[in-house]
Amino acid sequence: MSLITRSYRLRVYPNGAQRRLLDRWFGATRWLWNTALEIRSEAYRMSRPRLSEIISVLLIVAAVLLSAAACGAAPAPIAIVIHGGAGVIEPAKMSPAREASYRAGLAAALDAGYDVLERGGTSLDAVTAAVRLMEDDPQFNAGRGAVLNHDGDAELDAAIMDGAGPRAGAVAAVLHVKNPIELARLVMDKSPHVLLVAGGAEDFALEQGMALVPRDYFRTAAREHELEEARGVEAARAAGTPTTRAAAASGENRMGTVGAVALDRAGNLAAATSTGGLTNKHRGRVGDTPLIGAGTYANNESCAVSGTGQGEYYIRQVVAYDVCALVLYRHLTLLQAVHEVVQVKLRRTGGEGGVIALDRAGNIAMDFNSVGMFRGARDSHGRRQIAMYRDDAHH
Ligand code: ASP
């Protein structure tokens with residue numbers, strides 16, 4: 001029985017209330033077991049072997065029933081957390097219709113990922129499903145509707161990581177891949193490599209039977225307009241012409257990567273991130289998203305993280321891995337580790353943005369030092385939350 005108890009404790013990661021309930025179950029089980037053993041030896045002592053056999057069978061039945069009941073008392077938690085980018089996201093800048101549309105897009109991605117987990121699917125499939133949906137949604141900066149580089153192209157980066165293993169796959173600077181997260185997954189599953197870039201990554205996509213799409217597929221009028229604005233600010237700066245604060249801000253605050261982290265019933269963590277990067281970026285610029293440890297990281301030993309913000313800061317500070325390292329080596333809680341990295345370390349260097357993170361106990365962190373962050377979380381304790389602003393309780 002103690003073996004059952006121990007392996008069960010290792011397999012699931014109950015929260016405080018569940019742990020107390022489990023302890024009571026196991027206490028009762030131990031008491032029943034010991035009492036039955038005593039009766040059995042007493043039966044032997046009194047030379048009643050038949051009675052002893054009956055008690056042995058009853059013991060086995062009781063053990064099976066009790067451990068099944070204990071397992072039912074605290075099923076392994078499942079959870080998914082998503083983000084749709086960080087930046088200047090505030091009520092004053094958002095019409096009710098736009099806000100409703102963002103919330104609907106986030107909710108669809110969150111629920112698509114959660115459905116996978118609820119049906120017993122893997123965390124890898126859950127994060128892939130959530131990110132794919134946001135890649136297809138033109139209001140987010142990933143896949144269709146991604147921001148445009150200086151040359152007017154959507155140049156896409158994506159990464160996925162499996163906390164079991166751990167294993168990882170990523171692609172950078174691809175121009176014709178409809179869902180870069182699916183290609184990142186293929187790199188992980190079907191190649192010995194971790195990161196493929198540009199033409200090489202697209203050749204690999206073709207080899208894997210993936211259809212490529214024309215560059216126009218990604219371009220939207222809204223992103224073309226943003227690029228024009230950013231180019232204008234850049235030209236004015238180069239010429240030494242003063243720009244209005246609003247114009248400068250509109251050119252600089254085009255953040256909006258998408259990402260997801262998930263925990264499945266088997267206790268495995270996964271992380272996925274996908275982006276068009278930054279508006280008006282130089283052709284060939286690669287951000288933190290596809291760099292394992294910078295914008296994306298997952299390891300069952302610590303946590304799963306997906307970041308969004310100005311990638312150069314995330315790369316220099318190895319943000320996603322840093323969160324997990326603080327959990328693993330300094331034994332900080334997930335919330336403490338995320339706070340330390342986002343509110344202390346990133347802020348110190350001027351890095352703006354946020355991260356979402358999840359650990360094997362199902363703890364969730366969504367923290368940012370920017371004005372707002374599109375985000376959502378859902379878990380098997382009944383939490384289902386979509387948020388955008390810093391104080392989103394009333395929205
Ligand atoms: N982190 C992304 C990048 O720098 C951009 C973003 O999150 O908005 O490529």
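Ligands are counted one by one from 1 in listed order, and the atoms in each one are counted from 1 as well.
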*Please test Thr273 against Thr289 for side-chain hydrogen bond (donor to acceptor under 3.5 Å, both in side chains), starting from the C-alpha separation and ending with a verdict.*
CA-CA 6 Å; Thr273 319; Thr289 297; 5.8 Å; no
*asked:* I need the atoms of ligand 1 closer than 4.0 Å to a non-hydrogen atom of Thr308, numbered in the order shown.
replied: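 Close to Thr308: 6 (C), 7 (O), 8 (O).
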_Thr257 neighbourhood, listing ligand 1 atoms whose heavy-atom distance to it stays under 4.0 Å_ =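 In order of number, 1 (N), 2 (C), 5 (C), 6 (C), 7 (O), 8 (O).
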*asked:* I'd like to know whether Asn299 forms a side-chain hydrogen bond (donor to acceptor under 3.5 Å, both in side chains) with Glu301, so could you lay out the CA-CA distance, the side-chain angles of the two residues, the decisive distance to 0.1 Å, and finally the verdict.
replied: CA-CA 5 Å; Asn299 192 321; Glu301 283 190 357; 4.8 Å; no
[atom1] of [X] to [atom2] of [Y]: how many Å apart, nearest 0.5 Å?
| X | Y | atom1 | atom2 | value |
| --- | --- | --- | --- | --- |
| Arg375 | Leu110 | CZ | CG | 12.5 Å |
| Thr279 | Glu226 | OG1 | CD | 5.0 Å |
| His150 | Leu227 | NE2 | CG | 8.0 Å |

*asked:* Looking at non-hydrogen atoms alone, which of Asp288, Val258, Asp157, Thr279 comes nearest to atom 3 (C) of ligand 1?
replied: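 Among Asp288, Val258, Asp157, Thr279, the closest heavy atom to atom 3 (C) of ligand 1 belongs to Asp288.
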_Under 3.5 Å: N/O of Gly287 near N/O of ligand 1_ =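 For ligand 1, there is no N or O atom that lies under 3.5 Å from one belonging to Gly287.
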*Does an N or O anywhere in Asn141 fall below 3.5 Å from an N or O of ligand 1?*
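No: no nitrogen or oxygen of Asn141 is under 3.5 Å from one in ligand 1.
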_Within-shell test, Arg285 vs ligand 1, heavy atom, strictly < 4.0 Å_ =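 So Arg285 counts as touching ligand 1.
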*asked:* I'd like to know if Gly309 contacts ligand 1, where contact means a heavy-atom distance under 4.0 Å to any ligand atom.
replied: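 Contact check Gly309 vs ligand 1: positive.
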*Give the ring-plane orientation class for Phe140 versus Tyr102, where under 30° counts as parallel, over 60° as perpendicular and anything between as tilted.*
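Geometry flag for Tyr102 against Phe140: tilted rings.
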